[in-house]
Structure formats: structure tokens, C-alpha cells
J.: 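Quick one: the structure is below, and I'll ask about it shortly.
Indexing begins at 1, ligand by ligand and atom by atom, following the structure's order.
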Amino acid sequence: MSRASSIAYPNIALVKYWGKRDEALILPAAGSLSLTVDDLATITTVEVTDRPGEDIFLLNGRAASASATERTSAFLDVIRTQLGDDRAAVVSSTNAGPTGAGMASSASGFAALASAAAGAYGLSLDQRALSRLARRGSGSACRSVVGGLAVWHAGNELESFAEPVPGPDLRLVPVIVSGRPKAVSSRRAMRLSRDTSPFYPAWVSSTEETLRQMIDACAAGDIERIGQLTESHALRMHAVIASSTPPVRYLSPASLTVLDAVQELRAGGLTAWATADAGPNVCVLTTPGDAGQVAQAMAGLAVADPAEGAPGPVRILGPGPGAHLIPDPVELTRGAS
Ligand code: DP6
């Protein structure tokens, strides 16, 4: 039996990926750009058994749902087909952040799974090839293979991977307003936007333009411009999502309260710009110098547990490393083998 463990961190997109050109290969309609962060990691161990059969997937110490297990198996099949290896695997994964709540758990999840599964099945890959592989699990996962700022090229199957881009030192302050899994998965909502929103073509073409502007702003170290582009691109994405049939709305009243508070911080002279993925939680983009004050201002708006409604701790996230192998966290997987 062979086994390998990896860690990967979520990434928050400053230029969002929303829409696929090819669903089977997970090729995006447009490029995107993100910051891989240094907290809320996923740690995954893959143990290859000695025979074919059903894979087992443990998520946060418990048997995962049938659909999550199916998605994991489909991903492992990409590796198994490539290698002509039909052995089943036991996968054990733990998320430090909320799962399926729009805090990029699928990005860290599939980046960690790609890295650990490649290691366990004996597939040796450079960073680009690992990024391409992670993309097959979840599009945004290809960016978590890369540390810090990463651009994911649209391109064809071979060209569609993430790679590092130069830029300034940024901080993100996640404001968790809900830990509940989202009602509509991003995969489904993305398809709805593509198939039904009259604004979708403009979204795709303007995203290519925003990406060029963002790469220039990053190269110039122009944090205000990066912030402006980030916030307006996120709001455009939510507008496209809301304009689909049936409409989907991820931002809640609590999210809008955070957006208003961020605008007030800017009016008060701080660097603070908001973004939100497919969920109600908001991330505030800021500088290392302003991050402490931004976090303090956001403390009252975040909840630790939506059932309790109590204010939660607000963290400051910096750039984190790309997915990589780690020594086996034996205590996580003993029950699985
Ligand atoms: C809103 O990567 O989760 O976070 O490729 O279908 O698995 P699939 O989608 P996923 O979508 C992420 C969408 C987003 C924006 C982003 O991260 O760029």
C-alpha cells in the first residue's frame, strides 16, 4: 500500500472564475486571478489499497456524502486512467475552514487531493501539470496549487493551468457571516448563469479585460487599483448570478452590511475593498499596514456560529504556499485504514 499526505490552502479570487467553456475538462470561459492564503487549510491523506473497488472518503473524520464521495472517485479516475491503475483508495480530508460555505473549501480540497493522490499513486508532476490535474476536480483548485498571487489561463486543456504572478504584499480579512453550506452549489449556479443570463456574454468579455488590467495593477504594485478592480468584478459576478433564471442570490443582508462598512472604512482613509465568492461571506482586501484596523472594524460583524449568532474571531490572512506534500498526519487517518 502506498500513501501520501498534502496540505493546500484556499484562494480568494480577485478576478473571478464564473462559467465554463468545457464542463468535462473544466476549462473556464475566461481567465482569473487569485491570492492563495495562509490559513483555513485542507489536509488530505490518500492511501491506495491493493485492489479495485469502492473508494472511501472521510471528510472531517466522518463518512462523506454519496455525492462528495462520487466526485472524489471521479477525480481519482482521472489519475487511474492515466496510469492504467485500477486500485481503490481511502481518502481522509480535514478542513480548517467552513465546508461549502463559499470560503473556497473546494479549491483547497481538490488541490490537496490532487497533490496527495498524485503522490500516493506514484504520478510525478511539475507544478503546471499538478495545477492542470487539480483543475479537473474543481476549477478554482488549480490556483491553490500555486502560492500567493496566481493567474489561471483560460486556454485549451494543456494551456489551462495556474502560475504565479508578481504583485504587492496583500492581506485579506474574511468576515464570516454564515457557516452554513450554500443552498445552490457554485457548479450549478455557474451553469445557470451561462445558460440563462442575458448578461453572460458581456461578463465573459469584460472579465478578460479586467484580468489584463489586474495583471498590470499587480505588476505596478497599485493596491488601490487592485482593490477597485476586485470589488467591482465581484459585484459584477453577483449581478450575473442574480440575473439568471431562476435567479440565485448568494449575498445576504449581513453581507450587504459588511459591504457598507467597507465603504465607510475607505471613506475614513483606510485601504479596504470587498469581495465575495459563491456565498454570503465577504473578504476584505487590504494592506499589511491597515489590516489590524480593518480586522478590528469587522469584528462585530462576523459570527463564529450562525446558530449562536455570537461575534466570531476575525483573522488576517496573508499570502500562503501552494499545495505540497507533508509528512503523514497519522492521527487523522488511523481510523480510515
Ligand atoms: C465564485 O471552482 O468551485 O469561487 O469548477 O465547478 O468546481 P467548479 O467551481 P469552483 O468555482 C469557484 C467560483 C468562485 C470564483 C473563483 O474562485 O474564481
J.: Name the residue from Leu149, Asn11, Ile12, Val145 that meets the side chain to side chain contact (heavy atoms under 4.5 Å, CB included) definition with Thr36.
T.: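 Among Leu149, Asn11, Ile12, Val145, the one meeting side chain to side chain contact (heavy atoms under 4.5 Å, CB included) with Thr36 is Asn11.
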
J.: For Ala278, counting its heavy atoms only, list the atoms of ligand 1 lying under 4.0 Å from any of them.
T.: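 By the 4.0 Å cutoff, the relevant atoms are 1 (C).
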
J.: Answer yes or no on whether Arg236 is positioned over the face of Trp203, meaning its NZ or CZ is under 6.0 Å from the six-membered ring centre and within 45° of the axis.
T.: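 Judged by the rule (NZ or CZ under 6.0 Å from the ring centre, within 45° of its axis), Arg236 is not positioned above Trp203.
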
J.: Tell me whether Asp55 contacts the main-chain N or O of Val90 through its side chain, where contact means a donor paired with an acceptor under 3.5 Å.
T.: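 No, the answer is negative, given that no donor and acceptor are paired below the 3.5 Å cut-off.
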
J.: Using heavy atoms and a threshold below 4.0 Å, how should the contact between Asn11 and ligand 1 be classified: side chain, backbone, both, or neither?
T.: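 Neither part.
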
J.: Atoms of ligand 1 less than 4.0 Å from Lys20 heavy atoms?
T.: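 Near Lys20, the atoms of ligand 1 are 5 (O), 6 (O), 8 (P).
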
J.: Look only at the side chain of Arg136 and the backbone of Phe75, and say whether a donor-acceptor pair between them is shorter than 3.5 Å.
T.: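 Between the backbone of Phe75 and the side chain of Arg136 there is no qualifying donor-acceptor contact (under 3.5 Å).
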
J.: For Ile26, counting its heavy atoms only, list the atoms of ligand 1 lying under 4.0 Å from any of them.
T.: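 Counting from 1, the qualifying ligand atoms are 5 (O).
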
J.: Provide, to 0.1 Å, the distance between atom 7 (O) of ligand 1 and the closest protein heavy atom, together with that atom's residue and name.
T.: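 It is Ser138 OG, 2.6 Å.
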
J.: Less than 4.5 Å apart, any side-chain heavy atom of Arg191 and any of Lys20?
T.: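 Heavy-atom side-chain distance check fails, nothing below 4.5 Å.
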
J.: Any sub-3.5 Å donor-acceptor pair from His233's side-chain atoms to Lys16's backbone N or O?
T.: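 Checked: pair present.
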
J.: Side chain or backbone of Arg71 under 4.0 Å from ligand 1, or both, or neither, by non-hydrogen atoms?
T.: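 It is the side chain that touches ligand 1; the backbone stays farther off.
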
J.: Should you measure from each heavy atom of Gly139, which atoms of ligand 1 turn up under 4.0 Å away?
T.: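 Result: 2 (O), 5 (O), 7 (O), 8 (P).
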
J.: What's the shortest distance from atom 15 (C) of ligand 1 to any protein heavy atom, and which residue and atom give it?
T.: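 Closest protein heavy atom to atom 15 (C) of ligand 1: Tyr17 O, 3.3 Å.
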
J.: Near Ala13, which atoms of ligand 1 are under 4.0 Å from a heavy atom of that residue?
T.: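 Listed by number with element, the hits are 16 (C), 17 (O), 18 (O).
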
J.: Taking 4.0 Å as the limit for heavy-atom contacts, which would you say applies to Ser32 with ligand 1: side chain only, backbone only, both, or neither?
T.: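 It is neither; nothing of Ser32 touches ligand 1.
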
J.: Any heavy-atom pair between the side chains of Leu40 and Arg315 that's under 4.5 Å?
T.: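 They are in contact (side-chain heavy atoms under 4.5 Å apart), so the answer is yes.
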
J.: Which of the listed options, Arg191, Met190, Arg187, Arg143, holds the heavy atom that is closest to atom 16 (C) of ligand 1?
T.: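 Among Arg191, Met190, Arg187, Arg143, the closest heavy atom to atom 16 (C) of ligand 1 belongs to Arg143.
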
J.: To the nearest 0.5 Å, tell me how far Cys142 SG sits from Phe110 CZ.
T.: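 Reported to 0.5 Å precision, the distance equals 13.0 Å.
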
J.: For ligand 1, does Ser106 get within less than 4.0 Å through its side chain, its backbone, both, or neither, judged by non-hydrogen atoms?
T.: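 The answer is the side chain of Ser106.
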
